[in-house]
Amino acid sequence: MKRIAWGITGSGDQIVETYQVMKDIKEHTDLEFMVFLSKEGETVMKWYRIWDDIQRDFPNIKTGVGPNSPFIAGPLQVGHYDALIISPATANSVAKIVHGIADTLVTNVVAQTAKGDTPIYILAVDQKRGTVDTYAPSGKKMTLKMREVDVSNSEKLAQMENITLVEKPEDIYKILGVENK
(Lines give C-alpha, C1' and ligand atoms only; values in the text may rest on other atoms or scores of the structure.)
Protein backbone atom coordinates (compact mmCIF):
# COMPACT_ATOMS: atom_id res chain seq x y z
CA MET A 1 0.00 0.00 0.00
CA LYS A 2 1.25 3.46 -0.87
CA ARG A 3 1.12 6.31 1.63
CA ILE A 4 0.33 9.79 0.36
CA ALA A 5 0.69 13.05 2.28
CA TRP A 6 -1.68 15.74 1.00
CA GLY A 7 -1.12 19.32 2.09
CA ILE A 8 -3.70 22.07 1.66
CA THR A 9 -3.03 25.81 1.87
CA GLY A 10 -5.49 28.69 2.03
CA SER A 11 -6.51 28.81 -1.63
CA GLY A 12 -10.14 28.62 -2.60
CA ASP A 13 -9.21 28.27 -6.27
CA GLN A 14 -9.10 24.55 -7.14
CA ILE A 15 -9.95 23.39 -3.59
CA VAL A 16 -13.31 21.85 -4.46
CA GLU A 17 -11.88 20.19 -7.58
CA THR A 18 -8.85 18.88 -5.68
CA TYR A 19 -11.03 17.51 -2.89
CA GLN A 20 -13.26 15.70 -5.40
CA VAL A 21 -10.25 14.11 -7.14
CA MET A 22 -8.63 13.03 -3.86
CA LYS A 23 -11.90 11.62 -2.53
CA ASP A 24 -12.41 9.67 -5.77
CA ILE A 25 -8.87 8.28 -5.60
CA LYS A 26 -9.33 7.27 -1.97
CA GLU A 27 -12.63 5.52 -2.72
CA HIS A 28 -11.22 3.51 -5.65
CA THR A 29 -7.76 2.54 -4.36
CA ASP A 30 -6.06 1.21 -1.28
CA LEU A 31 -3.85 4.31 -1.00
CA GLU A 32 -3.44 5.58 2.55
CA PHE A 33 -3.79 9.34 2.95
CA MET A 34 -2.55 11.67 5.64
CA VAL A 35 -4.00 15.15 5.13
CA PHE A 36 -2.54 18.27 6.67
CA LEU A 37 -3.69 21.84 6.36
CA SER A 38 -2.24 25.22 7.09
CA LYS A 39 -4.33 27.29 9.48
CA GLU A 40 -5.64 29.16 6.45
CA GLY A 41 -6.34 25.87 4.68
CA GLU A 42 -8.75 24.92 7.44
CA THR A 43 -10.42 28.32 7.19
CA VAL A 44 -10.91 27.96 3.43
CA MET A 45 -12.32 24.44 3.80
CA LYS A 46 -14.90 25.87 6.19
CA TRP A 47 -15.73 28.76 3.83
CA TYR A 48 -16.33 26.29 1.00
CA ARG A 49 -18.40 24.10 3.34
CA ILE A 50 -16.26 20.99 2.90
CA TRP A 51 -14.58 20.94 6.31
CA ASP A 52 -16.98 18.35 7.73
CA ASP A 53 -16.69 16.28 4.55
CA ILE A 54 -12.91 16.13 4.53
CA GLN A 55 -12.82 15.13 8.20
CA ARG A 56 -15.28 12.31 7.47
CA ASP A 57 -13.61 11.14 4.25
CA PHE A 58 -10.00 11.53 5.42
CA PRO A 59 -9.87 10.63 9.12
CA ASN A 60 -6.07 11.05 9.32
CA ILE A 61 -6.18 14.85 9.16
CA LYS A 62 -4.02 17.41 10.93
CA THR A 63 -4.14 21.20 11.10
CA GLY A 64 -0.98 23.24 11.42
CA VAL A 65 -0.20 24.89 14.72
CA GLY A 66 3.28 25.97 13.68
CA PRO A 67 6.02 25.18 11.17
CA ASN A 68 6.79 21.81 12.74
CA SER A 69 3.60 21.00 14.59
CA PRO A 70 2.19 18.48 14.07
CA PHE A 71 5.46 16.69 13.24
CA ILE A 72 5.10 15.58 9.63
CA ALA A 73 8.35 16.67 8.01
CA GLY A 74 10.51 13.90 9.49
CA PRO A 75 8.45 10.96 8.19
CA LEU A 76 8.27 12.61 4.75
CA GLN A 77 11.99 13.29 4.70
CA VAL A 78 12.92 9.67 5.44
CA GLY A 79 10.50 8.05 2.97
CA HIS A 80 7.63 6.95 5.20
CA TYR A 81 5.35 8.43 2.52
CA ASP A 82 5.56 7.67 -1.18
CA ALA A 83 4.61 11.17 -2.33
CA LEU A 84 3.87 14.66 -1.04
CA ILE A 85 1.09 16.50 -2.86
CA ILE A 86 0.37 20.15 -2.07
CA SER A 87 -2.91 21.07 -3.72
CA PRO A 88 -3.91 23.78 -3.98
CA ALA A 89 -0.94 26.01 -3.12
CA THR A 90 -1.42 29.74 -2.71
CA ALA A 91 0.86 32.31 -4.33
CA ASN A 92 2.06 33.12 -0.81
CA SER A 93 3.10 29.52 -0.10
CA VAL A 94 4.75 29.22 -3.51
CA ALA A 95 6.72 32.45 -2.96
CA LYS A 96 7.90 31.21 0.44
CA ILE A 97 8.97 27.83 -0.96
CA VAL A 98 10.83 29.45 -3.87
CA HIS A 99 12.69 31.78 -1.49
CA GLY A 100 13.46 29.12 1.11
CA ILE A 101 11.09 30.42 3.78
CA ALA A 102 9.77 27.56 5.89
CA ASP A 103 7.68 29.32 8.53
CA THR A 104 4.37 27.46 8.11
CA LEU A 105 3.53 23.79 8.37
CA VAL A 106 3.17 23.43 4.59
CA THR A 107 6.30 25.39 3.62
CA ASN A 108 8.41 23.63 6.25
CA VAL A 109 7.17 20.21 5.14
CA VAL A 110 8.11 21.02 1.53
CA ALA A 111 11.55 22.33 2.57
CA GLN A 112 12.34 19.27 4.66
CA THR A 113 10.88 16.75 2.21
CA ALA A 114 13.01 18.24 -0.59
CA LYS A 115 16.08 17.14 1.39
CA GLY A 116 15.07 13.48 0.98
CA ASP A 117 13.92 11.31 -1.90
CA THR A 118 10.14 11.62 -1.51
CA PRO A 119 8.74 13.22 -4.67
CA ILE A 120 6.88 16.50 -4.24
CA TYR A 121 3.99 17.57 -6.47
CA ILE A 122 2.59 21.09 -6.14
CA LEU A 123 -0.50 22.55 -7.78
CA ALA A 124 0.25 26.28 -7.69
CA VAL A 125 -2.91 28.25 -8.42
CA ASP A 126 -1.13 31.12 -10.18
CA GLN A 127 0.72 29.38 -13.02
CA LYS A 128 -0.30 31.03 -16.26
CA ARG A 129 -0.28 34.61 -17.42
CA GLY A 130 -3.64 36.16 -18.14
CA THR A 131 -6.90 35.50 -16.39
CA VAL A 132 -8.47 32.51 -14.71
CA ASP A 133 -12.07 31.79 -13.83
CA THR A 134 -12.72 30.53 -10.33
CA TYR A 135 -15.63 30.39 -7.91
CA ALA A 136 -16.33 32.04 -4.58
CA PRO A 137 -17.71 29.92 -1.71
CA SER A 138 -21.16 31.18 -2.70
CA GLY A 139 -20.72 29.65 -6.16
CA LYS A 140 -20.38 33.04 -7.86
CA LYS A 141 -17.96 32.96 -10.80
CA MET A 142 -14.98 35.31 -10.53
CA THR A 143 -12.35 36.18 -13.10
CA LEU A 144 -8.91 36.88 -11.64
CA LYS A 145 -5.89 38.39 -13.36
CA MET A 146 -2.63 36.65 -12.53
CA ARG A 147 0.14 38.85 -11.21
CA GLU A 148 3.48 38.57 -12.99
CA VAL A 149 5.35 38.03 -9.70
CA ASP A 150 3.11 35.05 -8.84
CA VAL A 151 3.46 33.43 -12.26
CA SER A 152 7.22 34.01 -12.14
CA ASN A 153 7.41 32.29 -8.76
CA SER A 154 5.45 29.31 -10.11
CA GLU A 155 7.95 29.06 -12.97
CA LYS A 156 10.82 29.11 -10.45
CA LEU A 157 9.05 26.46 -8.39
CA ALA A 158 8.94 24.18 -11.44
CA GLN A 159 12.74 24.43 -11.69
CA MET A 160 13.42 23.41 -8.09
CA GLU A 161 14.93 20.03 -7.29
CA ASN A 162 12.53 17.23 -6.35
CA ILE A 163 9.45 19.35 -7.13
CA THR A 164 7.03 18.77 -10.00
CA LEU A 165 4.47 21.43 -10.83
CA VAL A 166 0.94 20.07 -11.27
CA GLU A 167 -1.23 21.90 -13.79
CA LYS A 168 -4.72 20.80 -12.68
CA PRO A 169 -6.27 18.54 -10.02
CA GLU A 170 -7.06 15.80 -12.55
CA ASP A 171 -3.30 15.35 -13.13
CA ILE A 172 -3.10 13.76 -9.67
CA TYR A 173 -4.68 10.60 -11.10
CA LYS A 174 -1.70 10.11 -13.40
CA ILE A 175 0.83 11.05 -10.72
CA LEU A 176 -0.54 8.32 -8.45
CA GLY A 177 -1.02 5.82 -11.27
CA VAL A 178 -4.79 5.74 -10.84
CA GLU A 179 -7.37 5.53 -13.62
CA ASN A 180 -9.73 8.52 -13.71
CA LYS A 181 -13.18 7.03 -13.02
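Going from atom CD of Gln55 over to atom CG of Asp53 covers 9.5 Å, rounded to the nearest 0.5 Å. Put simply, CD1 on Ile86 and CH2 on Trp6 are 11.0 Å apart, with the number rounded to the nearest 0.5 Å. From Phe58, atom CZ reaches atom CD1 of Ile4 across 11.0 Å, with rounding to the nearest 0.5 Å. Rounded to the nearest 0.5 Å, atoms CG (Asp150) and CZ (Arg129) are 11.0 Å apart. Rounding to the nearest 0.5 Å places CG of Asp52 at 8.5 Å from CZ of Arg56. Between atom CG of residue Leu105 and atom CD of residue Glu40 there is a gap of 11.0 Å, rounded to the nearest 0.5 Å.
Taking the side chain as every heavy atom from C-beta outward, Leu37 and Met45 approach each other to under 4.5 Å. Side-chain contact between Phe36 and Asn60 is absent, with no heavy atoms from C-beta onward closer than 4.5 Å. Using a 4.5 Å heavy-atom cutoff, the side chains of His80 and Arg3 are in contact. Looking at Ile172 and Met22, their side chains come closer than 4.5 Å, going by heavy atoms from C-beta outward. Contact of the Val178 side chain with the Leu31 side chain is registered, since non-hydrogen atoms from C-beta on lie closer than 4.5 Å. Tyr19 has its side chain within reach of Asp57: a pair of non-hydrogen atoms, C-beta onward, lies under 4.5 Å apart. Between Tyr48 and Val16, some side-chain heavy-atom pair lies under the 4.5 Å cut-off.
Checking each of Thr18, Ile54, Ile61, Ile85 against Ile8 for a side chain to side chain contact (heavy atoms under 4.5 Å, CB included) leaves exactly one that passes, namely Ile54. A side chain to side chain contact (heavy atoms under 4.5 Å, CB included) with Pro88 is found for one member of Val125, Ile122, Asp13, Val44 and no other, namely Val125.
Minimum heavy-atom separation, Ala111 to Ala102: CB-CB, 4.0 Å. Across all non-hydrogen atoms, the minimal contact from Tyr173 to Glu179 is CD2-O, 4.0 Å.
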Less than 3.5 Å apart, which donor and acceptor atoms pair up between the side chains of residues 156-170 and the rest of the protein, not counting sequence neighbours?
| unit_1 | atom_1 | unit_2 | atom_2 | d |
| --- | --- | --- | --- | --- |
| Asn162 | ND2 | Thr118 | O | 2.8 |
| Glu167 | OE2 | Lys128 | NZ | 3.4 |
| Lys168 | NZ | Asp171 | OD1 | 3.0 |

List the atom pairs, with distances to 0.1 Å, where a side-chain N or O of residues 91-99 and a protein N or O form a donor-acceptor pair under 3.5 Å, not counting sequence neighbours.
| unit_1 | atom_1 | unit_2 | atom_2 | d |
| --- | --- | --- | --- | --- |
| Ser93 | OG | Thr90 | OG1 | 3.2 |
| Lys96 | NZ | Asp103 | OD1 | 2.9 |
| Lys96 | NZ | Asp103 | OD2 | 3.4 |

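Put simply, Ile120 and Ile101 are part of two different groups of oily side chains (I, L, V, M, F, W, Y) that touch within less than 4.5 Å, one to the next. By the rule that hydrophobic residues join a cluster once side-chain heavy atoms approach within less than 4.5 Å of another member, Ile50 and Tyr135 end up as members of separate clusters.
The number of heavy-atom neighbours closer than 6.0 Å to CH2 of Trp47, taken from other residues, nucleotides and ligands shown, is 12 or below. Crowding of Asp117 atom CG: a count of heavy atoms from other residues, nucleotides or ligands under 6.0 Å not exceeding 12.
Counting side-chain heavy-atom gaps under 4.5 Å among Ile, Leu, Val, Met, Phe, Trp and Tyr, the cluster of Met146 also holds Val132, Leu144, Val151.
Side-chain atoms of Thr29 come within 3.5 Å of backbone atoms of Ile25 as a donor-acceptor pair (strictly under, hydrogens ignored).
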